[in-house]
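Okay, structure first, notes after.
Within every chain, numbering begins at 1; the chains are lettered A, B, ... in the order of the sequence lines, protein sequences first and strands thereafter.
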There are 4 protein chains.
Amino acid sequence: MPRPNVEAERREQILRAACDELSEVGMQDLRLSDLARRAGVSSGTIHYYFEGKHAVLVAAFEFNYRRSLERRRRLLDAGDEPLPTLRELVDSYLPRRPEALTAWRVWAQLWAEATRNDEYRAINESLYAEWRGLVTELIARGQDRGSIRDGDPGVLADMLIGMIDGLATQVLAGSKDMPVERMSSTLQQFIDDFLALAPARARH
Amino acid sequence: MPRPNVEAERREQILRAACDELSEVGMQDLRLSDLARRAGVSSGTIHYYFEGKHAVLVAAFEFNYRRSLERRRRLLDAGDEPLPTLRELVDSYLPRRPEALTAWRVWAQLWAEATRNDEYRAINESLYAEWRGLVTELIARGQDRGSIRDGDPGVLADMLIGMIDGLATQVLAGSKDMPVERMSSTLQQFIDDFLALAPARARH
Amino acid sequence: MPRPNVEAERREQILRAACDELSEVGMQDLRLSDLARRAGVSSGTIHYYFEGKHAVLVAAFEFNYRRSLERRRRLLDAGDEPLPTLRELVDSYLPRRPEALTAWRVWAQLWAEATRNDEYRAINESLYAEWRGLVTELIARGQDRGSIRDGDPGVLADMLIGMIDGLATQVLAGSKDMPVERMSSTLQQFIDDFLALAPARARH
Amino acid sequence: MPRPNVEAERREQILRAACDELSEVGMQDLRLSDLARRAGVSSGTIHYYFEGKHAVLVAAFEFNYRRSLERRRRLLDAGDEPLPTLRELVDSYLPRRPEALTAWRVWAQLWAEATRNDEYRAINESLYAEWRGLVTELIARGQDRGSIRDGDPGVLADMLIGMIDGLATQVLAGSKDMPVERMSSTLQQFIDDFLALAPARARH
DNA sequence: GATGAATGAGCATTCATTCAT
DNA sequence: TATGAATGAATGCTCATTCAT
């Protein structure tokens with residue numbers, strides 16, 4: 001009696017391993033045979049479920065994003081005060097815990113590739129738009145509540161997201177000048193000094 | 001009697017081509033034979049001047065950085081008003097003109113690799129520290145002149161640089177939500193609203 | 001259901017071809033692509049079964065020795081009169097028949113390399129010790145039977161084996177002064193005049 | 001004022017270095033650039049004096065042989081008692097002193113190559129014939145003096161030379177079962193027990 | 001559904017050789 | 001005479017992909 005969702009199970013098993021590999025060795029050095037071993041299947045099985053290496057990577061990037069969002073679902077759905085939620089969200093994205101680190105490294109791979117490849121470019125485009133929308137929405141709600149300063153929420157979101165991505169890049173690169181705690185304090189200071197309105201600042 | 005500096009000439013010829021290739025196809029897809037053709041030499045010549053592919057790439061990253069700085073030398077050495085200089089510097093780094101685009105793409109390659117490889121990590125570390133120092137110095141001078149707000153100049157530099165890098169990443173990735181003009185206005189707005197003191201803001 | 005022992009089959013198929021190539025072109029001129037063609041497999045298959053060229057060669061030397069011994073197994077196991085057995089053994093090792101020639105040429109390769117390379121040195125060491133032991137044992141048994149003269153059997157074995165190897169070297173080198181028949185008669189004369197005791201000499 | 005024999009000087013300089021290289025790394029791993037460095041000339045100079053790598057090697061083998069013979073010239077020309085001279089000659093050829101080791105290693109290279117290549121075969125042929133003639137002559141003179149047993153002196157020479165070459169092969173291969181002292185005693189015992197007549201034996 | 005043996009195109013690297021000086 | 005910069009053919013090895021079982 002075949003289990004009904006063997007297929008979905010196998011795919012996830014492979015994608016999970018793909019993210020780990022991607023994070024550890026990168027896109028180009030990722031060998032399907034290693035991925036197969038890590039996923040506990042044969043290399044033939046990978047090709048049974050995916051068109052080829054390219055298709056595995058594309059699916060892995062999508063999977064990586066969905067999984068990241070999943071982890072923040074509770075945070076985003078709670079509908080708590082926007083400003084504290086923003087602080088928590090930023091904090092949860094710091095490349096500090098293993099899962100966050102892995103997820104960031106996968107993103108870094110995608111970005112490097114999106115620079116030249118249209119397919120990866122499209123993936124970044126759609127995932128990024130979704131992420132950007134979430135932050136913009138949060139900022140707009142904060143402005144409604146009067147806890148976040150005025151200004152185009154999309155621009156403010158771009159500033160914050162840009163800063164997160166840029167600083168994370170240096171943290172990932174292991175820069176001694178940018179340990180994760182400095183990234184954290186720099187971002188919180190940006191929120192304090194630039195985004196938050198007086199009442200929020202009083203929290204500190 | 002050998003031509004003087006044939007070596008320096010050849011090396012630069014090769015490194016210039018390496019940056020172009022790096023920008024167009026990336027580190028891993030860069031084939032030495034293509035690089036040779038582009039540089040107008042034989043593949044043997046590449047190996048005559050460099051230990052191997054790896055050594056070419058390492059030298060190319062260094063070359064890319066030095067060349068970028070060279071282009072801004074006049075700007076940095078002029079000793080003009082710090083705030084306008086900062087604006088111009090940011091503007092000159094926008095991934096808009098072909099040379100800037102190429103340079104950014106090379107950086108993107110370095111970052112992706114520095115995530116996992118200690119040698120590239122070291123290159124990023126030293127080049128980044130130098131760049132960070134220049135911006136910090138400029139901000140500190142602006143604070144002395146009273147045109148830039150107070151606060152740890154290193155932290156303010158990190159915010160700006162982080163934002164530049166993060167936004168550039170999306171521009172390079174060809175995001176429709178982040179055309180280079182939006183990157184430009186976002187950064188200038190950050191400078192206006194967050195870094196500049198009132199007199200500077202009056203410029204607008 | 002995979003064919004049983006595909007692996008053992010393929011390995012032998014490759015090693016057999018490796019000995020032939022080794023004998024014809026030598027270690028250094030042996031190209032894996034030629035070996036592949038000769039073995040009737042792809043170059044990829046060679047690498048599937050062996051770590052690399054080096055590993056193929058090491059295995060081939062071992063294979064060559066085992067195969068040589070296999071051919072004399074009957075002779076050595078029969079337990080016949082030691083002196084006639086020694087004569088037959090020497091005769092069977094003459095580089096006269098194609099298989100013997102091939103085997104000798106492979107040995108010649110190993111020796112040339114063992115002069116400088118520790119790994120090949122170790123192979124020669126172990127195979128040679130085994131071969132030397134067999135001849136020593138045979139001589140000792142002949143001394144027990146009274147058909148071979150007294151003296152340290154190890155030293156007598158070294159004399160005989162040394163002479164075989166040295167003369168074979170000249171036969172292999174195609175020296176006109178040392179055709180294989182002269183090698184044969186020289187060795188048999190050494191056995192007659194130096195090793196054999198009177199009764200054995202009566203055979204002639 | 002150009003020195004008259006620059007040419008002869010350069011050639012010897014190169015050949016001397018070639019023998020050393022040949023002995024250390026072997027024929028195939030010998031790179032002309034290394035040889036040039038060792039000889040203290042440029043790679044261009046090698047090609048100026050020799051047709052190519054092949055021609056250097058051929059000349060080096062010839063040079064190696066001549067130099068070996070030169071070292072024994074006094075021994076061979078002295079016209080002393082043949083049997084003691086033979087003992088000394090054998091002793092002088094033991095791969096014990098650095099020069100003898102180097103010379104043997106060069107021979108080993110030649111033999112391995114002569115197995116397959118006609119040109120090297122021809123070199124071995126002529127050098128070997130000369131060497132064989134010298135030993136045969138010495139044995140014949142010993143027989144005339146009554147110090148060496150009867151029998152075809154050419155066959156006796158072949159036995160001795162074969163044994164020398166075969167045992168040397170194992171010494172060169174670094175066999176623990178055949179240190180150079182064992183090679184020495186084995187050969188002297190062969191001379192004592194097989195070649196020498198009673199009076200000579202009394203010497204011990 | 002799943003396997004893994006087998007493939008072969010692709011690429012970095014080596015090194016003898018050439019030739020302008 | 002002598003140099004050494006430059007060449008490019010040659011080859012070991014990798015790995016995505018295929019397919020018989």
Side-chain angles (χ1 to χ4, degrees), chain A residues 2-3 6-7 9-10 28-37 40-57, chain B residues 1-3 6-7 9-10 14 28-37 39-56, chain C residues 1-3 6-7 9-10 14 28-37 39-56, chain D residues 2-3 6-7 9-10 28-37 40-57:
Chain A
R3 295 256 291 291
V6 190
E7 178 157 341
E9 215 172 69
R10 281 283 172 287
Q28 320 274 357
D29 290 350
L30 181 152
R31 278 176 297 162
L32 252 24
S33 59
D34 288 344
L35 173 54
R37 192 175 310 113
V41 299
S42 74
S43 75
T45 301
I46 308 260
H47 280 88
Y48 184 78
Y49 282 102
F50 298 91
E51 280 295 307
K53 180 177 180 176
H54 187 67
V56 176
L57 296 178
Chain B
M1 198 181 75
R3 290 250 293 297
V6 190
E7 172 159 349
E9 212 173 75
R10 281 287 169 286
I14 291 167
Q28 321 273 357
D29 290 347
L30 182 151
R31 276 175 300 156
L32 252 22
S33 58
D34 289 342
L35 172 54
R37 191 175 311 112
V41 298
S42 73
S43 75
T45 300
I46 309 263
H47 281 91
Y48 187 77
Y49 285 102
F50 296 91
E51 282 294 307
K53 182 177 180 177
H54 185 67
V56 176
Chain C
M1 197 181 77
R3 292 250 292 297
V6 190
E7 172 158 350
E9 213 173 74
R10 279 288 169 286
I14 291 168
Q28 321 272 357
D29 290 348
L30 181 152
R31 277 176 298 156
L32 251 22
S33 59
D34 290 342
L35 173 54
R37 191 176 310 113
V41 298
S42 73
S43 75
T45 301
I46 309 263
H47 281 91
Y48 187 77
Y49 285 102
F50 296 91
E51 282 295 308
K53 181 177 177 177
H54 185 68
V56 176
Chain D
R3 295 256 290 293
V6 190
E7 177 157 341
E9 216 172 67
R10 280 282 172 289
Q28 318 275 358
D29 289 350
L30 181 151
R31 279 176 296 161
L32 251 24
S33 59
D34 289 344
L35 173 54
R37 191 175 310 111
V41 299
S42 74
S43 76
T45 301
I46 308 258
H47 279 88
Y48 183 78
Y49 283 102
F50 297 91
E51 280 295 307
K53 181 177 181 178
H54 187 67
V56 175
L57 296 179

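Going from atom CD of B/E7 over to atom C1' of F/dG4 covers 12 Å, rounded to whole Å. In this structure, the OH atom of D/Y49 is 20 Å from the P atom of E/dA16, given to the nearest Å. Distance CD1 (D/I46) to P (E/dC15): 15 Å, rounded to an integer number of Å. With rounding to whole Å, D/Y48 atom OH is found 16 Å from E/dA20 atom P. Atom pair C/F50:CZ and F/dG12:P shows a separation of 15 Å (rounding to whole Å applied).
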Atom pairs under 3.5 Å, N or O on each side, protein against nucleotides 13-16 of chain F: can you list them with distances?
residue: F/dC13; atom: OP2; partner: C/H47; partner atom: NE2; Å: 3.2
residue: F/dC13; atom: OP2; partner: C/K53; partner atom: N; Å: 2.8
residue: F/dC15; atom: OP2; partner: A/R31; partner atom: NE; Å: 3.3
residue: F/dC15; atom: OP2; partner: A/R31; partner atom: NH1; Å: 2.9
residue: F/dA16; atom: OP1; partner: A/L30; partner atom: O; Å: 3.2
residue: F/dA16; atom: OP1; partner: A/K53; partner atom: NZ; Å: 3.4
residue: F/dA16; atom: OP2; partner: A/L32; partner atom: N; Å: 2.8

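Looking at A/T45, its side chain never comes within 3.5 Å of a backbone N or O of A/Y48 through a donor-acceptor pair.
Closest approach of C/A39 to C/I14, counting heavy atoms only: CB-CA, 4.1 Å. Considering all non-hydrogen atoms of both residues, A/E7 and A/Y49 come closest at CG-CE2, 3.6 Å. The shortest heavy-atom contact between A/E51 and A/H47 is O-CD2, 4.2 Å.
Interatomic distance, C/I46 CD1 to C/R10 CZ, rounded to the nearest 0.5 Å: 11.0 Å.
Pairs of Watson-Crick or G-U wobble type, with distances under 3.5 Å, assemble into runs of 3 or more in DNA chain E at these ranges: E:2-21 with F:2-21.
Listed by chain and number, the residues in a side chain to side chain contact (heavy atoms under 4.5 Å, CB included) with D/R31 are D/S33, D/D34 (sequence neighbours excluded).
Within the 4.0 Å cut-off from OP1 or OP2 of E/dT7, at least one side-chain nitrogen or oxygen of C/S42 is found.
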B/L30 vs B/V56, side-chain contact (heavy atoms from CB on, under 4.5 Å): CA-CA, chis, key distance, verdict: CA-CA 11 Å; B/L30 182 151; B/V56 176; over 6 Å; no

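With contacts defined as side-chain heavy-atom distances shorter than 4.5 Å, the pair A/K53/A/L35 does not qualify.
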